[in-house]
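A short worksheet on the structure shown next.
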Amino acid sequence: MKHFLTLADLTAAEAAQLLARAKELKALQKQGIPHATLQGKTLGMIFDKSSTRTRVSFEVGMFQLGGHALFLHSNVTQLGRGEPVADSARVLSRMVDGITIRTYAHSTLEEFARHATVPVINALTDLTHPCQILADLLTLLEHHGAVQDKTVCWIGDGNNMLHSWMNGAAIFGYRLRYACPEGYLPDARLLAAAQAQGGDISGYATPAEAVCGADVVTTDVWASMGQEDEQQQRMRDFAGFQVDSALMSGAAQNALFMHCLPAHRGEEVSSEVIDGPQSVVWDEAENRLHAQKALLELLLGNNG
Ligand code: CP
Ligand code: NVA
């Protein structure tokens, strides 16, 4: 039994195989060829936060693989009324074959995983969002033919998305450059661990320096879920960190623009960029489905 709490839970071989299988699964689905590899399996999906893409991609993904998914928002389970995380993990493990969790503290996810006896998947915490990176790398592979040795540039908040880009750098072999405003840098320990693992990661003072020659330029909202009260302050602090056409012109000529979505046009990205020809955000969103189906097979399949 294996959990997927961060990208560091994958070996480089598993990571490469996962992207290859995601491409295959996408082709099968597009051609209408059945691929019910998880027949009879059930996925429990615990959500403490809102979601569109993550919920739908896991739920549809399980259906397409011949299994079933249950949406368990904490508003309507005993978890939301204070039943201990450990007890919920033990109970759900007796009934389902895998569990995804979207929650606030990463330690809640880790505690759940310690007590679960089925694979647990991180569907986003305040610290990381690894499933999104799988979809983003599948998108990069489709558009640029490779992930290895590509340069990914992150502009904006040192948040869960940037942390996951950091965690994936060594395993997938891309270079990562980032520029974050003062006071919004990524977690120093996570950065040091990702670099110690072999990740080629460097921070820059300004977006213009970080973006230079990049193959992918990516960003995210300035205030993540749970930080809504900081929105006004962050709007001031992030001035100059919008991804707009002028910034994109410093990246490679065929650079892709990525965003995990939901996006705020006119804040972290201009409409011209997100709705423009370099943007691959809709492919990224669709690829959540295909990448997670490969992940589900890896963790819940009979070989998992
Ligand atoms: N990108 C992403 O995780 O979207 P949702 O919050 O809609 O799941
Ligand atoms: N950083 C964002 C990602 C949403 C998918 C958040 O945590 O709200």
Side-chain angles (χ1 to χ4, degrees), residues 4-7 22 43-62 69 71-75 99-109 121-140 152 154-168 178 180-181 184-187 190 216 218-231 233-235 237-238 241-243 256-265 267-269 274 279-293 295-296:
F4 181 66
L5 306 189
T6 76
L7 289 166
L43 180 73
M45 307 189 300
I46 298 173
F47 282 84
D48 286 340
K49 292 178 173 174
S50 301
S51 171
T52 299
R53 283 144 287 268
T54 306
R55 182 218 171 148
V56 174
S57 53
F58 272 115
E59 193 162 332
V60 172
M62 278 305 285
F71 179 59
L72 302 168
H73 198 280
S74 50
N75 285 345
I99 300 164
T100 65
I101 311 181
R102 168 169 288 197
T103 190
Y104 292 88
H106 195 75
S107 57
T108 305
L109 168 77
I121 297 173
N122 179 353
L124 181 149
T125 66
D126 290 345
L127 189 70
T128 57
H129 191 13
C131 289
Q132 181 69 49
I133 302 299
L134 300 178
D136 295 356
L137 294 176
L138 176 60
T139 309
L140 175 57
V152 176
W154 176 271
I155 304 293
D157 193 15
N159 67 8
N160 45 9
M161 279 299 305
L162 175 56
H163 290 152
S164 284
W165 278 111
M166 289 177 165
N167 283 334
Y178 64 90
C180 307
Y184 298 95
L185 290 173
D187 183 272
L190 192 147
V216 175
T218 184
T219 186
D220 189 8
V221 290
W222 290 339
S224 285
M225 288 182 276
Q227 297 172 334
E228 289 79 5
D229 291 354
E230 299 172 28
Q231 176 73 28
Q233 182 63 45
R234 284 171 173 260
M235 296 272 278
D237 295 345
F238 282 72
F241 281 75
Q242 182 184 94
V243 178
L256 305 171
F257 172 74
M258 292 194 185
H259 192 308
C260 63
L261 304 177
H264 292 175
R265 286 170 175 78
E267 292 180 28
E268 75 275 7
V269 61
I274 194 169
S279 174
V280 290
V281 298
W282 315 122
D283 290 344
E284 273 181 274
E286 178 188 334
N287 282 339
R288 295 293 304 276
L289 172 66
H290 309 298
Q292 283 158 208
K293 282 166 71 180
L295 178 70
L296 288 165

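Order of appearance sets the numbers: ligands from 1, and atoms from 1 within every ligand.
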In terms of heavy-atom contacts, H163 and D187 come closest through NE2-N, 2.9 Å
The protein heavy atom nearest to atom 4 (O) of ligand 1 is R53 NE, 2.8 Å
among protein heavy atoms, the one nearest atom 7 (O) of ligand 1 is T52 N, 2.7 Å
When distances are taken from atom 4 (C) of ligand 2, the protein heavy atom at minimum range is L124 CD1, 3.9 Å
Looking only at heavy atoms, the pair that brings H259 and E284 closest together is N-OE1, 2.8 Å
heavy-atom search around atom 3 (O) of ligand 1 in the protein gives H129 NE2, 2.8 Å
Checking heavy atoms under 4.0 Å, the part of L124 that sits near ligand 1 is neither
Quick look: D157 vs ligand 2, heavy-atom contacts under 4.0 Å, and the answer is neither
Only one of I101, T125, D126, T103 passes side-chain contact (heavy atoms from CB on, under 4.5 Å) with T108, and that residue is T103
| Mind checking whether R102 has an N or O less than 3.5 Å away from an N or O of ligand 2? | no
heavy-atom search around atom 8 (O) of ligand 2 in the protein gives M225 N, 2.8 Å
| Does a donor on one side chain sit under 3.5 Å from an acceptor on the other, for D136 and T218? | no
Quick note on ligand 2: atoms under 4.0 Å from a heavy atom of N159 include exactly 1 (N)
Only one of L109, L7, N160, T100 passes side-chain contact (heavy atoms from CB on, under 4.5 Å) with N122, and that residue is L109
- Answer yes if the side chains of E268 and T219 hold a donor-acceptor pair under 3.5 Å, and no otherwise. no
Query - Between N287 and T139: side-chain donor-acceptor atoms closer than 3.5 Å - result: yes
Note: N160, heavy atoms under 4.0 Å from ligand 2, region reported as side chain
Quick note on ligand 1: atoms under 4.0 Å from a heavy atom of L261 include exactly 1 (N), 2 (C), 4 (O)
Item to complete: Any chance you could lay out the side-chain hydrogen bond (donor to acceptor under 3.5 Å, both in side chains) test for N167 and T128, step after step, and finish with the verdict?
Response: CA-CA 9 Å; N167 283 334; T128 57; 5.4 Å; no
Atom 6 (O) of ligand 1 sits nearest the protein heavy atom R102 NH1, 2.8 Å
Ligand 1 to R288, heavy atom cutoff 4.0 Å, flagged ligand atoms 1 (N), 2 (C), 3 (O)
Near C260 (heavy-atom distance under 4.0 Å), the atoms of ligand 1 are 1 (N)
Candidates V221, T52, D220, L162; heavy atom nearest atom 3 (C) of ligand 2 found on D220
Report task. Examine R234 relative to Y184 and say whether NZ or CZ is less than 6.0 Å from the centre of the six-membered ring and inside a 45° cone about the ring axis. Result -> no
- Under 3.5 Å, side chain of R102 to main-chain N/O of A123, donor-acceptor pair present? yes
If we number the atoms of ligand 2 from 1 as shown, the ones under 4.0 Å from a heavy atom of L261 are 5 (C)
